[in-house]
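Any value given below was found using the heavy atoms of this structure, including those in side chains, with hydrogens, waters and symmetry copies removed. Residue numbers start from 1 in every chain, and the chains themselves are labelled A, B, ... in the order their sequence lines are given, proteins ahead of strands.
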2 protein chains.
Amino acid sequence: MNVSIAHLGPLGTYAEQAAINFTKILAQDIGKEADLYPYPSIAQTLKAVAQKEVELAVVPVENSIEGSVTMTLDTLWQLDNLQIQLALVMPIVHGFISCAQNVEDIKTVYSHPQALAQCQGWLERSLPNVKLIPTNSTTEALQLLKQDLTAAAISSQRAAQLYNLPILVTGINDHPENCTRFWIISRDDVSYPYHKSPTLSHTSLAFSVPANVPGALVKPLQVFAKLNINLSRIESRPTKRSLGEYLFFIDLEADACEPKMKSALAELTTYTEVLKIFGSYSVLQTVGVGNG
Amino acid sequence: MNVSIAHLGPLGTYAEQAAINFTKILAQDIGKEADLYPYPSIAQTLKAVAQKEVELAVVPVENSIEGSVTMTLDTLWQLDNLQIQLALVMPIVHGFISCAQNVEDIKTVYSHPQALAQCQGWLERSLPNVKLIPTNSTTEALQLLKQDLTAAAISSQRAAQLYNLPILVTGINDHPENCTRFWIISRDDVSYPYHKSPTLSHTSLAFSVPANVPGALVKPLQVFAKLNINLSRIESRPTKRSLGEYLFFIDLEADACEPKMKSALAELTTYTEVLKIFGSYSVLQTVGVGNG
């Protein structure tokens, strides 16, 4: 039976591209084929795994320009039975897609707010008077373009191919190093050999700390620093109870099963209110453009 | 001459509400009137101050549900000549605005992505099949409502009044404690007595740290913890150079002119690459609803 994988839809999103890249890894590593299922939101993508509609989800976690995908972090905290199997880092190359003859003819540009933000400098230089319209995904506006020759969308090369639309300019992102990190998520009661890497290089977790105690965040971080465990990322999110109360999401460069991590995690519980460990995993670099 | 204040437009946004609340404080404290200038984006609102088009800007920093307003943090880091004068905390009460007879008739709901996210639970319960359309501001879609009786917008009570539209349901936010913190920003070469508070209770700053050094973030935080200076907030933002490199935005509960803060800030420079101090200020609670 094929592996079922949920991703943010519709077809042609960068999440679908990441899911396609992952299916190749899956075929190579465990010789299994996969079926992809687009969902209308990241929250619904993760809930589909939690509720056993699908086996896995591919969700964006962080972009090198725009930062954390907060919906992914917030949903992962809310749902109690998920774990990270693997991380994929994929370069993001934005195309400027339109049926117009020239870039100068464009009056309106549609895209996901993150993509608009990632091309802000190019848009200001090339089209200073254009109207920017946010959409739910980078592909949502593509069907409008054939009727409206003054409209453009910012989307992937694959999306342009899927919708049979011309790319006027390739690589319009302001920072050529633009990358997005995705997580492959499963339920926590299953175990997949989805990665051949001998070591699980990263562990992700989240915790809340007692409010309004000086140094309340320093103590958990010291636990890792004194054991020389590198913290590769920290992100705060509101608890949603009251302004000024936070959860902290942390990525560590170590496997939760290493002895020093075991003792760090045990000590960590003395400084945290609620602690959730999302699992240990490897990080793979993958390509973003191509035919999928 | 009146004080000129920029805010995210158009009329009826929560940023305009905060700006109106601030003008009352201004009138009380220094007996000056103010003129408000709506700008199309938060970045342009802050640039208007940096480039001396206006004296002050009112910008959202953080919401208790959705977290940081990353555009505000990123723009403040980029522009070199701004400082925080005051913080205002304002409750956010979302109204469900439509010309429909009943909530059940609604097929499409328009609003800013943060407002849609803050009412997610109510929308799922009340209108499970509705289409959610993101807009650039909470007020942008209001002019559509008179023509389309199946459309609704999520916006403030003041916006409904300004556009003469009925509020079908008040207070649809999922968390009644929903608050947004705003900063009043000026250039750093000016000094305003915009607050009567005898003490400046908070200081905000941001810094980058050497990449891939275990404990690189712990050291700066320890500086404050050992002096018993409470860290009320930490937010990481990508440097936009490469995935995994961050800036840290920190709010501290102390005045930068206190002796212990002076020594902490001096020690801090030994652990940071670039350090920017955005100023010390007081925090005022203010009301959100009302006639403005």
Side-chain angles (χ1 to χ4, degrees), chain A residues 40-41 43 62-68 70-71 73-74 89 112-113 117-118 120 131-136 174-175 177-181 212-219 221-246 248 251 253, chain B residues 40-41 43 62-68 70-71 73-74 89 112-113 117-118 120 131-136 174-175 177-181 212-219 221-246 248 251 253:
Chain A
S41 72
E62 181 187 27
N63 173 268
S64 56
I65 311 304
E66 279 308 296
S68 280
T70 55
M71 183 61 87
L73 301 181
D74 291 355
V89 175
H112 188 274
Q118 288 164 18
Q120 204 177 310
K131 187 158 194 234
L132 305 178
I133 314 251
T135 54
N136 280 312
D174 297 331
H175 301 263
E177 303 286 300
N178 196 346
C179 284
T180 296
R181 188 157 57 102
N212 296 317
V213 177
L217 175 60
V218 180
K219 281 175 193 155
L221 300 187
Q222 273 171 337
V223 170
F224 300 107
K226 75 186 180 198
L227 290 166
N228 230 28
I229 298 168
N230 194 26
L231 179 82
S232 54
R233 174 168 166 256
I234 182 167
E235 181 66 48
S236 63
R237 291 292 305 148
T239 59
K240 303 185 197 283
R241 287 191 301 244
S242 146
L243 194 67
E245 278 184 41
Y246 305 96
F248 297 97
D251 293 351
E253 293 181 359
Chain B
S41 73
E62 181 187 26
N63 174 268
S64 55
I65 311 303
E66 280 307 295
S68 280
T70 55
M71 183 62 87
L73 301 180
D74 291 355
V89 175
H112 188 274
Q118 289 164 18
Q120 204 177 313
K131 188 159 195 236
L132 304 178
I133 315 250
T135 54
N136 280 313
D174 297 332
H175 300 265
E177 302 287 300
N178 196 348
C179 284
T180 295
R181 188 156 56 102
N212 296 315
V213 177
L217 175 61
V218 180
K219 281 175 194 155
L221 299 187
Q222 273 172 337
V223 170
F224 300 107
K226 76 185 179 197
L227 290 166
N228 230 28
I229 298 168
N230 194 26
L231 179 82
S232 55
R233 174 168 167 257
I234 181 167
E235 181 67 47
S236 63
R237 292 292 304 149
T239 59
K240 304 183 197 283
R241 288 190 302 244
S242 147
L243 195 66
E245 278 184 40
Y246 304 96
F248 297 97
D251 293 350
E253 292 181 0

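- Per-residue heavy-atom pair counts under 4.5 Å with chain A were compared for D74(B), L217(B), I229(B), L231(B), and the maximum is reached by L217(B).
- Nearest heavy atom pair, residue K240(B) against residue H175(A), reads O-ND1, 3.2 Å.
- The two residues C179(A) and L243(B) make their nearest non-hydrogen contact at O-CD1, 4.0 Å.
- With chain A as partner, the option from Q222(B), M71(B), Q118(B), K226(B) having the largest number of non-hydrogen pairs under 4.5 angstrom is Q222(B).
- Smallest separation of non-hydrogen atoms from A225(A) and V218(B): CB-CG2, 3.7 Å.
- Proximity to chain B is limited to the side chain of Q120(A), based on heavy atoms less than 4.5 angstrom apart.
- Contacts of R237(A) with chain B are made by side-chain atoms alone, with heavy-atom separations under 4.5 Å and no backbone atom involved.
- In this structure, the portion of N63(A) lying under 4.5 Å from any heavy atom of chain B is its backbone and not its side chain.
- Of the listed residues N178(A), T70(A), N228(A), T180(A), the one with more heavy-atom pairs under 4.5 angstrom with chain B than any other is N228(A).
- At a 4.5 Å heavy-atom cutoff, the contact between I65(A) and chain B is made by backbone and side-chain atoms alike.
- What you find for P238(A) and S64(B) is that their closest heavy atoms are CB-O, 3.1 Å.
- Residues Y246(B) and I234(A) fail the side-chain proximity criterion, which asks for heavy atoms closer than 4.5 Å.
- Of the two parts of L227(A), neither the backbone nor the side chain holds a non-hydrogen atom closer than 4.5 Å to a non-hydrogen atom of chain B.
- No side-chain heavy atom of E177(A) sits less than 4.5 Å from a side-chain heavy atom of E245(B).
- Taking chain B as the reference chain and counting heavy-atom pairs below 4.5 Å, the highest number among E66(A), R241(A), R181(A) is found for E66(A).
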